[in-house]
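Take a look at the structure set out below.
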Amino acid sequence: MLTPPPTITATERPLVRLERIEKSFGSNRVIPLLNLAIRRGEFLTLLGPSGCGKTTLLRMIAGFETPSAGRVLLDGEDITSLPPYRRNVNTVFQNYALFPHLNVSDNVAFGLKQHGVAKADRTEQVQQALAMVQMDVFASRKPKELSGGQQQRVALARAIVNRPKVLLLDEPLAALDLKLRKQMQQELKNLHEQLGITFVFVTHDQEEALTMSDRIAVMNRGVIDQLDAPQTVYNHPRTRFVADFIGENNTLPGTFDGQTFRRGEVVIPVVDTPNVAPGRAFLFIRPEHVVINRQRPADTFALPAQLTGRTFLGNQWKIHCTLTDSGERIDVAVRPDELSALDGYETVYLNWPVAKATLANDQ
Ligand SMILES: Nc1ncnc2c1ncn2[C@@H]1O[C@H](COP(=O)(O)OP(=O)(O)OP(=O)(O)O)[C@@H](O)[C@H]1O
């Protein structure tokens, strides 16, 4: 007997759905064809290099841009042609965009006033929102009397005060210095947990994406190459672009025969090969997973290599190796206390735990 399909409950239905979205500016096709389902309550990050279309995508959810084709759905409702103020979403921008002539409270109250919320309710909601971002003590200051981090907190309070269904964040921390940025990352995560609303966060900073997100959509020229949890994106990159963009990876070209990966004479066992077609393929292995053997191991594969250089990185050294067969470079991360064991060796044999490598066809 066939098992009946699972019933989709309201909580499982995606909160935001982008259906067959396309976007061009004149002849510049920024988003060729994109589908994306954003889960209710998740912290989703759009990650990718400058110009890949992250902001354009976010602005289409916000309503500041109209797709050239396709639909935007919020909670099942088609909002494609609704103006921003009629959508139950708010945006926080990199440059804060506060009204300079209004004090902190009035900045946060502005939207509520526009929507006709009564004064007493307004005061209470503003107070609550400011308290959530620890800015209640600055309620009567003007934006120019605040630091960048404080202004961004006010912008956040303004965006959450009416409890939108989705909070869109367009590189909100990019203008802050590193220390403050780290602190605000944590605060944003806390805010997300407290509010329980859906966050869609844009960044080109992979570390920020890895630490903050429930899921990351890695974008490459308007295409989502991979949409997964941070650990999956990091440990199992599905394309060469993702492997290069997230953290550091050694990339080795070769041939996949359906079971093993071959480079000339060397046969390398692989296990992480979902959707990899036989033929030309790339193996990705992180520097921290490569093992330098001084003798050729008898029981497993090994790639002969020369040690050609080293770079000090504080808590680790990066050892640069050149593969004997091809001249390609492989970097290996070692701890400082492991370094002296390599002295005097020029030819070594590289391998790695089979499960640590990922394979992909070039895309
Ligand atoms: N209003 C516009 N008119 C014309 N071209 C635009 C417009 N907005 C964006 N673009 C183009 O669309 C492409 C994607 O831009 P977008 O701002 O979405 O990228 P991004 O990934 O957010 O980059 P960044 O990290 O630099 O902000 C770029 O080539 C950009 O020049």
Residues at least two apart in sequence or cross-chain that pass ring pair (Phe, Tyr, Trp, His ring centres under 6.0 Å) with Tyr85, listed by chain then number, are none
Between side-chain atoms of residues 116-125 and protein atoms elsewhere (two or more places apart, or another chain), which donor-acceptor pairs fall under 3.5 Å?
| unit_1 | atom_1 | unit_2 | atom_2 | d |
| --- | --- | --- | --- | --- |
| Arg122 | NH1 | Val117 | O | 3.2 |
| Thr123 | OG1 | Lys119 | O | 2.8 |

Residues passing the salt bridge (Lys or Arg N to Asp or Glu O under 4.0 Å) test with Asp106, sequence neighbours excluded, are none
The ring pair (Phe, Tyr, Trp, His ring centres under 6.0 Å) partners of Phe110 (sequence neighbours excluded) come to Phe99
Residue pairs passing the side-chain hydrogen bond (donor to acceptor under 3.5 Å, both in side chains) test with at least one member in residues 276-292, sequence neighbours excluded, are Tyr234-Glu288
Members sharing Leu33's hydrophobic cluster, built from side-chain contacts under 4.5 Å between Ile, Leu, Val, Met, Phe, Trp and Tyr, are none
Going by chain and number, the hydrophobic cluster around Leu313 (ILVMFWY, side chain to side chain under 4.5 Å) further includes none
The reported gap from CG in Asp225 to CG in Asn220 (rounded to nearest 0.5 angstrom) is 4.5 Å
Applying side chain to side chain donor-acceptor pair (under 3.5 Å) to Glu77 and not counting sequence neighbours gives none
The ring pair (Phe, Tyr, Trp, His ring centres under 6.0 Å) partners of Phe138 (sequence neighbours excluded) come to none
Sorted by chain and residue number, the ring pair (Phe, Tyr, Trp, His ring centres under 6.0 Å) partners of His192 (sequence neighbours excluded) come out as Phe43, Phe199
Using a 4.5 Å side-chain heavy-atom cut-off and chaining through intermediate ILVMFWY residues, the residues clustered with Tyr349 come out as none
Residues at least two apart in sequence or cross-chain that pass side chain to side chain donor-acceptor pair (under 3.5 Å) with Asn162, listed by chain then number, are Asn90
